[in-house]
Protein chains: 2
Amino acid sequence: MATHNTDLPAGESPASSRAKIIETAEPLFARQGFAGVGLREVAERVGLGKSSLFHHFPSKVKLYAAVLERVLVEFDRRLSERERTAGTALARLHAWADAGVDTLAENPTFGPLLLRSLFEDDILAPPERDLVDAAFDRIVARISRTLEEGMASGEIRELSIPHTIQSLIGLTVYPFASDSLGQRLLGSPIYSAEQIRARKQHLFEFIARGFSVP
Amino acid sequence: MATHNTDLPAGESPASSRAKIIETAEPLFARQGFAGVGLREVAERVGLGKSSLFHHFPSKVKLYAAVLERVLVEFDRRLSERERTAGTALARLHAWADAGVDTLAENPTFGPLLLRSLFEDDILAPPERDLVDAAFDRIVARISRTLEEGMASGEIRELSIPHTIQSLIGLTVYPFASDSLGQRLLGSPIYSAEQIRARKQHLFEFIARGFSVP
DNA sequence: GTCTATACACCGATAGAC
DNA sequence: GTCTATCGGTGTATAGAC
């Protein structure tokens, strides 16, 4: 009865325009950052007039927030798939590192966007900011819980949980944000199958060695 | 004989305006990134008219390059002070991690700027880009050499040098770029004496455990 | 070496027709 | 839901007086 067509082809991208705009803006924000992207460019790529964007998002900031939230939620979802891994805490951390690298490797915008969301803090304001923070907190809580569990059971050595989380981010997310440096350093793109495998192995070894009891 | 006063008060900041502009722009670029900073704001803080900046720097990009280069050169200089540390390769890596953290802790703009220089690659073009790349390469070469040396002598286990460098950057630089996240995670700013100490200890343990032979 | 004035493009955002 | 037209403001950069 609505004037809008809410009945969808089922299976076909309902996406409306909203999802399409988010997907189009995502790589631009990832590469250029919030300030570096103009809505004109986004609109052009979507195939809309600039003003039409404002029908779907009331402001540029809210579009950016929508992009970030989608990334964080998806990243968290990918980790959650491994929540019930094996028995030991260390095995779960290993599985999460594996899932994290897979997710970053499959989505080249995720590394830069996640990194930006972590150190460019003066873009989002309280209303949208809270959504992004909440998504991030879920990820942190997930890891913290398992670290505590492992330390309690004596499986993992005593270490500072916040510093460990920072280290895990630095070891996992950062390398997938620095694509060009990675390429210069490694000789081949970090997004190549070969380097993804190498990165995983490197990361796993650091986790195993860094976390095991003395 | 020159019309400009090239004779300096000796000890007093010669700085002319150039250095002052760089120092003023540095924290702005660190927080907001290249695209997020307007020359109007820089000029205001320096106490000049906007147009006067162009007398000292022919373009915004060259100012940004000058800021980045200064940071990279200074960072490299701080590492170089420990070049002749102790005897063993592992001790030198330890000393460099120590110096790196000290430098990042003393210069809150360095973390964000270094991180930006590593993953925002489409800002600088070949002429200025080469200067920044060269400064970065000196740091990488320094570390690579010592890693190779340690691996050759059997003091350090066999590992991928590029991936290890990426890991060291992620473990050392990244945490000092994410000030607000650090604060939310840690409870107190990463730039507090207490957290600097904690970060160092954490980092040292990861290096010792991650690099030692099986 | 600093200033005022200006050029010209683009910014995010709004109004209102269709 | 998309469009055209337009708003006020800012962006980098230049010209030229002082």
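By convention in this document, chain letters (A, B, ...) are assigned in the order of the sequence lines, proteins followed by strands, and residues within each chain are numbered from 1.
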Which donor-acceptor pairs under 3.5 Å do side chains of residues 132-139 of chain B form with protein atoms, sequence neighbours excluded?
| unit_1 | atom_1 | unit_2 | atom_2 | d |
| --- | --- | --- | --- | --- |
| D133(B) | OD2 | R129(B) | NE | 3.4 |
| D137(B) | OD1 | R184(A) | NH2 | 2.7 |

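- A salt bridge does not link E148(B) with R145(B): none of the charged nitrogens is closer than 4.0 Å to a carboxylate oxygen.
- Computed from coordinates, the F57(B) CZ to dT2(C) P distance equals 12 Å when rounded to whole Å.
- Atoms NE2 (H56(B)) and C1' (dG1(C)) sit 6 Å apart, rounded to a whole Å.
- The aromatic rings of F206(A) and F211(B) lie perpendicular to each other, with more than 60° between the two planes, well past the 30° mark.
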* Structure fact -> Nucleotide by nucleotide, nucleotides 11-18 of chain C touches protein heavy atoms under 4.0 Å in the pattern (B base, S sugar-phosphate only, - none) SBBB----
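- Atom P of nucleotide dG1(D) and atom CZ of R18(A) are separated by 12 Å, given to the nearest angstrom.
- For dG1(D), neither phosphate oxygen OP1 nor OP2 lies less than 4.0 angstrom from any side-chain nitrogen or oxygen of S52(A).
- Look at NE2 on H55(A): it is 9 Å from C1' on dT2(D), rounded to the nearest Å.
- The main-chain N or O of H163(B) is found under 3.5 Å from a side-chain atom of R199(A) such that the two form a donor-acceptor pair.
- Between Y174(A) and Y174(B), the ring centre distance reaches or exceeds 6.0 Å.
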* **Check against ring-ring contact (aromatic ring centres under 6.0 Å, His included), F176(B) and F110(B)** => CA-CA 8 Å; F176(B) 286 93; F110(B) 280 23; over 10 Å; no
